[in-house]
Amino acid sequence: MKNIQDYFVPWVKGIPMYVSSHIELAWREPGLHRMMSNENPIPPSPKVLEAIQKYGQMANRYPDQGLIVRSKIAEINGLDGPENVMLGNGSSEVFDNIFRCFLEPGQEVIQHTPCFGIYKLRCNILGGKLISAPMRYENRQLEFDADAILAAVTDKTKIIVVANPNNPTGNFMDAKDFVKIARTGIPFVVDEAYVEFAGLEMSQVGLIEKYPNVLITRTLSKAYGLAGMRFGYALGDEEVIGQISAALLPWNVGTIPMWAALAALEDAAALEERVKFNNSEVDFIEESLSDVKGLDIFHSHANYILFDGTDTGKKGADMVAFAQERGLILRPQSPMYGRDGWFRITLGDKAENRMLIEAVKEFYSR
Ligand SMILES: Cc1ncc(COP(=O)(O)O)c(C=O)c1O
């Protein structure tokens, strides 16, 4: 008799369950301040809470395919209708579903690094090969490099993914570079998880009409502040979305998240409040820390800020450890470009942001 271990597909065997240690820590120790996972510090609006309560009473029923919320999403984005929208259990599931539709073992996904970690995880679990095209480090900033992405294309490339704005760098790629990549015809996923902070004018959704290989992904985890609800979506050409949706797990999005999402999407004032608060606090933090000598700030169009303190002579990992002693969970960033001073913060509430500023100033003045 063979051992069950011999039955696992080789690309799954040996891969550990993904656990975010910082999120585990935050739930285990609720007294710590969560400034690490790009969550929204503002709890759901009364309208969203009302929808949660209302549809909680129908939790004994299966959800439908979400035609109403998909229609609302299409309307917000100037698309024809629900056929242009696929829902997911967070945008992480949306990537998973897209990847499963295009990627066979041994084929390649190109990502632009540094970036969000889920693309790699989903690629690995399908036996794909992740190819990293690095951003350009220039004038103490990290710049998108569409030519590096194009140079990484091979006949095995099945997906290109770019986050816009990018996490952790917080900047946008130029519109003309999106066209350059879209023109290859390769499935091109533009991850717009944070785009609402800058406004939908910054979206690349307009590319879909001319380039059906472009898929836009979004989430309600960030500007809308519903990370715990798990609701994301993809926008695309009707036929493409239809085909990808065939691979969805039936009832992947529950009744409560679906209706809570609709309430959030209809509550324009609540979104505006969150966006305004975030953007003014980003400005405040960046301004407050601009006089720390040797600390490079990467101006953010989202709800996190990347810093590089290499030129202070101190390591980013030590900054993160110092903040944690003060009760703030920040995010370390592995050394890159020969520099080890990187760390990323997520915006908190007003008091938390001021605690952060104080901790950063104190760490670099010691
Ligand atoms: C660039 C980017 N895309 C997507 C997500 C994931 O969002 P979701 O909660 O929708 O799975 C994140 C979360 O941090 C992110 O940084």
Side-chain angles (χ1 to χ4, degrees), residues 18-24 26-27 34-41 44 66 69 73 85-99 109-123 125 130 132 135 142 144 159-173 188-198 202-204 215-235 248-249 252-254 257-258 260-261 264-265 274 278 282 298 300-306 329-333 343-348:
Y18 178 69
V19 178
S20 319
S21 55
H22 40 276
I23 292 180
E24 298 295 312
W27 280 102
R34 306 171 72 125
M35 304 186 78
M36 72 306 175
S37 293
N38 303 350
E39 298 163 331
N40 196 310
V69 69
I73 291 168
V85 182
M86 181 187 82
L87 303 184
N89 195 262
S91 59
S92 296
E93 194 199 28
V94 172
F95 305 126
D96 186 65
N97 210 49
I98 294 172
F99 282 26
V109 175
I110 299 175
Q111 67 176 11
H112 206 28
T113 53
C115 68
F116 181 46
I118 295 280
Y119 319 134
K120 183 173 186 187
L121 292 168
R122 299 331 297 166
C123 172
I125 221 73
L130 203 281
S132 287
M135 296 179 91
L142 284 160
F144 284 90
I159 296 165
I160 297 173
V161 57
V162 172
N164 200 48
N166 187 35
N167 170 14
T169 55
N171 51 344
F172 282 101
M173 183 161 87
F188 180 20
V189 179
V190 183
D191 177 355
E192 296 187 341
Y194 301 93
V195 76
E196 293 90 353
F197 287 113
M202 294 303 290
S203 173
Q204 297 299 324
L215 286 154
I216 307 288
T217 62
R218 301 260 184 81
T219 179
L220 265 70
S221 300
K222 309 299 178 184
Y224 287 97
L226 294 178
M229 273 288 150
R230 310 307 301 133
F231 187 96
Y233 59 91
L235 304 172
L248 277 179
L249 197 65
N252 63 324
V253 177
M258 213 182 260
L265 291 161
R274 284 160 180 72
N278 180 76
V282 167
F298 293 72
S300 179
H301 295 280
N303 67 344
Y304 47 83
I305 307 172
L306 178 69
I329 315 178
L330 310 183
R331 195 64 168 270
Q333 167 80 44
F343 67 99
R344 191 196 72 193
I345 67 111
T346 298
L347 277 279

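Quick caveat, the model's predicted, so the values are computed rather than measured. When a ligand or atom number is given, it counts from 1 through the structure's own listing order.
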*Locate the shortest heavy-atom distance separating Val253 from Met258; write the atom from each residue and the value.*
O-CE, 3.6 Å

Atom pairs and distances, side-chain donor-acceptor, residues 222-232, under 3.5 Å, sequence neighbours left out:
residue : atom : partner : partner atom : Å
Lys222  : NZ   : Asn38   : O            : 3.2
Lys222  : NZ   : Tyr194  : OH           : 3.4
Arg230  : NH1  : Ala227  : O            : 3.3

How about [X] and [Y]: do any of their side-chain heavy atoms sit closer than 4.5 Å?
X	Y	result
Arg331	Thr346	no
Arg218	Glu196	yes
Asp191	Phe95	yes

*Do Arg344 and Asn167 have a side chain donor and acceptor closer than 3.5 Å?*
yes

*Which parts of the protein, at residue level, reach under 4.0 Å of ligand 1 through a heavy atom?*
Gly90, Ser91, Ser92, Phe95, Phe116, Tyr119, Asn167, Asp191, Ala193, Tyr194, Thr219, Ser221, Lys222, Arg230

